[in-house]
Structures are given as C-alpha cells and as structure tokens.
Amino acid sequence: MPELPEAETIVRDLRARIPGGTVTRVSVARPDVLHTGLTAAALGRRLRGRTVTGVSRRGKNVVIEFDAGLRLIINLGMTGRVVTSDASRAGELRHIAVSLHLRDGRAILYDDARRFGDLDLRDEAGWSARDAELGVEPLSDAFTADLLHSLSRMSTSPIRNWLLDQKRIAGVGNIYAIEALFRAGIRPTRRARTLRRRETIALRDELRNVLRESINSRGTTISDYRDASGEPGAFVRSLRVYDRQGEPCIECGTLIKRVVLSNRSAFYCPSCQK
DNA sequence: AACGCGCCCTGTCCGC
DNA sequence: TGCGGACAGGGCGCGT
C-alpha cells in the first residue's frame, strides 16, 4: 500500500506528536514483522528508556529517531499503519503487531493485517548502510532528468517495473509509477532504455507533481492506508488511470486498459500513452 | 548481474 | 448464504 506520499503523511503527523516521548515498554504481538535477526526481547531492551528525538522518511520508510543515534525503520509493506493511541480511531485497529508505550501514557501502535511490513532497529552505522542501499529521493534536487535518463539507459525492463526498484528511485510504488507514466504520455510497457530525452524530462516532472499533489491530499487510500490518526487519505479521487480499466480516459475518452507486468497490474490509456 | 517469478499473509469482492 | 478464485499500495529469495 503505502508509497512515499503515505509515508510522508505519517511522518508529518508523528513529528507533531511524539518527539520528546520516552519509551517505557515495548510489546510485540506479532514477531514476524520484526526484521530478520531482531527479536522482541532485543527490541524492548534497546528501546526502553530511549527518547524520540525526531521522525523522518527515506523512500517509503518511516524512521523514528531516538537518542544515542538509534533508529526504528518502519517499512509498511501493503497494510502497515502507524497510529498513536490517543487518536480517536485507534480503537479501530484490528491487527496491532507492535506497541511502543510512552511515559506520558500514550503508545505508538504498529498495525498490519497482512504482516508484510518490517520493523528494523539500527544504530548510526547500521542506518548509513541501509540508507546507502536506497536510491535517489524523487523530491530532492538530486533527482534530475539527466539522472533519470542516464540511469535508465542500460535497462530493457518495462519502465513501470524499472520505476519500482527502490535501489534506483526510493519511494515510488505502483500507483504513482502508473499515474506519472499517464501524465507523461508513456506506456508502462515501454522498455526503460527506449525513453527519449524529452520523455525522461516529462517523467521526472510528473513523478514529482503526482507525489507532491498526493502529499497535499494526505495520500491515497484504496482500502487499508491510514494516517497517524487512523484517517484515510483523499488522493484516490485524483487518480486518473490507476484501477480504472474499462473507464473512459479523462483526456480523450478511450477506454483505459489493464495489463499485467511482473504479476502486478498496470493501467494506461492506449491513445494518450505511446 | 540484472531480470522475472513465486511467495509471504489476510481481507474483500465477484461469479456461480 | 457459501465457496473458490482473483486481487491488493511491497519486497525478499531464488533461479536463469
């Protein structure tokens, strides 16, 4: 589910609420969401007494920063949610996997129906190593059309698949890849290295536009995504092709098509996208 | 070595 | 109403 805009929305919510909070206790109901090698006991021991110093985002990951350089890296998978216990909708959570209890009586709740999510705890060096594995932030100045163009020269993969690889660009998932390709007039099936320069310029710009617009709408809720208050995002109303197969294109009226690439749906307008 | 594929798991929806 | 199948925002490990 959650891609960059959804992670960013959660991060902004948490940033207003949890810095200064001190962990008193950690409870782990579903240990399978912990990163390989991280035990519930180790998580509790290392977080107890730690104070939240900040909240940040890297790609699709929500990063809760603690004193002593410790970071809890949360990848939400498909159905992960991070909700604070004082939110009125916290009671709606049905699959709480991990709870970080705070001294002020609140808790940071990690909920995940399918448990594809991943919680990892890293020190300064461990975080640097993980950070280095992720690609460029698409909303940063470093994400230029030149970079997108040069990175894509060697790949024969369909551009939609190519965009989903977090080692290249961090934070783009299926919804925003599909929406940006529509806006840029590029079919999801196009081989990455066949994109012309003007197309990489359009794709870079439209990726940034759609990500920013979605952040402004607090993300896309198809069914599971919730912000840190447990509220859905509104950007689903602004999706132009994602999940609209058989409906008329908003630009030209041609019926939107669905194709499967690497076992994941792609949507496009056969007339607007070349 | 860079790909595509199957799989992890639960919930929901659709056709019969 | 029940049941089986398809499908879902992600990402890992595997084989080629």
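Order of the sequence lines fixes the chain letters, A, B, ..., with proteins taken first and strands second; residue numbering starts at 1 for each chain.
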If you only use heavy atoms from C-beta on, which nucleotide in [options] is closest to the side chain of [X]?
X: A:R168; options: B:dC5, B:dC3, C:dG10; result: B:dC3
X: A:Q166; options: C:dG11, B:dG4, C:dA8; result: C:dG11
X: A:R30; options: C:dC7, C:dG10, B:dT10; result: B:dT10
X: A:N263; options: C:dG9, B:dG11, B:dC5; result: B:dC5
X: A:R258; options: C:dG9, C:dC7, B:dT10; result: C:dC7

Check if the side chain of A:R264 and the base of C:dA8 share a donor-acceptor pair of N or O atoms closer than 3.5 Å.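 Flag unset: no donor-acceptor pair detected.
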
Under 3.5 Å, is there an N or O donor on one side and an acceptor on the other linking the side chain of A:S157 and the base of B:dG4?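 For A:S157, whose side chain was compared with the base of B:dG4, there is no donor-acceptor pair (under 3.5 Å).
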
For residues [X] and [Y], determine if any side-chain heavy atom of one lies less than 4.5 Å from a side-chain heavy atom of the other.
X: A:F66; Y: A:L47; result: yes
X: A:L121; Y: A:H35; result: no
X: A:E199; Y: A:R190; result: yes

How long is the line joining [atom1] of [X] and [atom2] of [N], in whole Å?
X: A:I74; N: C:dG10; atom1: CD1; atom2: P; value: 17 Å
X: A:L134; N: C:dG11; atom1: CG; atom2: C1'; value: 12 Å
X: A:R193; N: B:dA2; atom1: CZ; atom2: P; value: 14 Å
X: A:L261; N: B:dG4; atom1: CG; atom2: P; value: 9 Å
X: A:D224; N: B:dC9; atom1: CG; atom2: P; value: 17 Å
X: A:L164; N: C:dC12; atom1: CG; atom2: C1'; value: 15 Å
X: A:L76; N: B:dT10; atom1: CG; atom2: P; value: 18 Å
X: A:L163; N: B:dC3; atom1: CG; atom2: P; value: 12 Å

Answer yes or no: does a side-chain N or O of [X] lie under 4.0 Å from OP1 or OP2 of [N]?
X: A:S223; N: B:dG11; answer: no
X: A:H95; N: B:dG11; answer: yes
X: A:K60; N: C:dG10; answer: yes
X: A:Y242; N: C:dG9; answer: yes
X: A:R114; N: B:dG11; answer: no
X: A:N174; N: C:dG10; answer: no
X: A:N161; N: B:dG4; answer: yes

Mind checking if [X] touches a base, just sugar-phosphate, or nothing, with heavy atoms under 4.0 Å?
X: A:T220; value: base
X: A:P158; value: sugar-phosphate
X: A:S155; value: sugar-phosphate
X: A:N75; value: sugar-phosphate

By nearest heavy atom, map A:N61 and A:S265 onto DNA chain C; which one lands nearer the 5' end?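 First, find each residue's nearest nucleotide; the 5'-ward one identifies A:S265.
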
Looking only at side-chain N and O atoms, does [Y] offer a donor or acceptor that is under 3.5 Å from a partner on [X]?
X: A:D86; Y: A:T84; result: yes
X: A:R264; Y: A:N161; result: no
X: A:N216; Y: A:E213; result: no
X: A:S229; Y: A:R17; result: yes

Is there a Watson-Crick or G-U wobble partner for C:dG9 with both distances under 3.5 Å, and which nucleotide is it?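 Base partner found: none.
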
Paired with B:dC9 by Watson-Crick or G-U wobble geometry, both distances under 3.5 Å: which nucleotide is it?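 Its partner is none (no Watson-Crick or G-U wobble pair with both distances under 3.5 Å).
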
A:F116 over C:dG10, stacked by centroid distance under 5.5 Å, angle under 30°: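 Stacked: ring centres under 5.5 Å, planes under 30°.
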
[N] to [M] separation - [atom1] atoms, rounded to the nearest Å:
N: C:dA6; M: B:dG6; atom1: C1'; value: 16 Å
N: C:dC14; M: B:dC9; atom1: P; value: 16 Å
N: B:dC3; M: C:dG9; atom1: C1'; value: 22 Å

